Every structure is written in structure tokens, then in C-alpha cells.
Amino acid sequence: TCCLFSKRWQLRESAIRTIISSEGAAILAKDAPQGSQAIPTLLLYLGAKGYGVSDTLANVFFAACDVISQVVTALPPKGPNLSHVSSSILPLLPELMLKAGDNNSRVREKASLTLMQIAVSP
């Protein structure tokens, strides 16, 4: 977890990408049926001021959007943790909307795509 809060953006990006890698996703999926708070906690981190979706560096923002996309697309239609995940995603929406108006076109596109994936999720 110290890499997630590192001052070096490369470590923050690598930590997020490791979590959504096949090994990290398998660990999260393994814990999810037992009511684990891992995914809501990860989403809470992504909404923390200066980290995740509010990070000033585009690469970290892109990794955060990839996590959100992976979580949203992996949700079962009526899974037990749907309400916990939905309540964790809700605070991310204002920052994603702000990023959808960013000067950087890649950031705008990624934010818009992530917002669309959230909108069409079950």
C-alpha cells in the first residue's frame, strides 16, 4: 500500500496496474464472495484527493480509470456487493466529470469513456 501513496507517480501507477493485473484481479475476485471490502476500499482510494482520478498526472489517472472500468464491467447484474460498489463509485463521478472537460484530449476521452461505462453498467 505504500506505493499507492508514494510521491513518485511511477510507483502509484505501477501499484494500480498491479492491482488490476490478472494476479491482482484473481485475488480480489477470490475475496469478493465473502463480502470483502477490498473493492470498495480500492474505489475509496481512487477518490482520495490527489490520488486516483484526481491525480494530476495523466498516466495515474488512466490507470485509475482502468480500475473503475474493470470493476464496473465485472459486476454481476444483481450481485451482493453491488450496492457497496455503487456507493463507492458515486463519489468518483464529480471528478470524472471535471476531467471530461480537461485540456488534455486523452484525459477527456478516457474520462468520457469511463463515465459511459459507469452509465451502462447494471
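When reading the values below, keep in mind they use all heavy atoms of this one structure, side chains included, and skip hydrogens, waters and symmetry mates. Counting from 1, the numbers follow the sequence of the chain as shown. Remember, it's a predicted structure, so these values are computed and weren't measured experimentally.
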Hey, does the side chain of Ser14 reach the backbone of Leu11 with a donor-acceptor pair shorter than 3.5 angstrom? no
Apply side chain to side chain contact (heavy atoms under 4.5 Å, CB included) to Gln117 and list each qualifying residue two or more places apart in sequence or on a separate chain. Ser69, Leu113
Result block: side-chain N/O donor-acceptor pairs under 3.5 angstrom for residues 94-106, not counting sequence neighbours:
unit_1: Lys99; atom_1: NZ; unit_2: Asp55; atom_2: O; d: 3.1
unit_1: Asp102; atom_1: OD2; unit_2: Asn104; atom_2: N; d: 2.9
unit_1: Asn104; atom_1: OD1; unit_2: Arg106; atom_2: N; d: 2.9

OG1/Thr73 to CD1/Ile118 distance, rounded to the nearest 0.5 angstrom? 11.0 Å
Could you tell me which non-hydrogen atom of Trp9 sits nearest to which non-hydrogen atom of Leu57, and how far apart they are? CB-CD1, 3.0 Å
Could you pull out all residues at least two apart from Arg17 that satisfy salt bridge (charged side-chain N to carboxylate O under 4.0 Å, His left out)? Glu13, Asp66
Could you tell me if the side chain of Val107 sits less than 4.5 Å from the side chain of Phe62, heavy atoms only? yes
If I compare all heavy atoms of Lys7 with all of Arg12, which pair ends up nearest, and what's the gap? O-NH1, 3.3 Å
Under the side chain to side chain contact (heavy atoms under 4.5 Å, CB included) test against Val72, which residue among Thr114, Ile89, Val67, Val120 passes? Ile89
Below 3.5 Å, can you tabulate the donor-acceptor pairs from side chains in residues 42-52 to any protein atom, sequence neighbours excluded?
unit_1: Tyr45; atom_1: OH; unit_2: Leu4; atom_2: O; d: 2.6

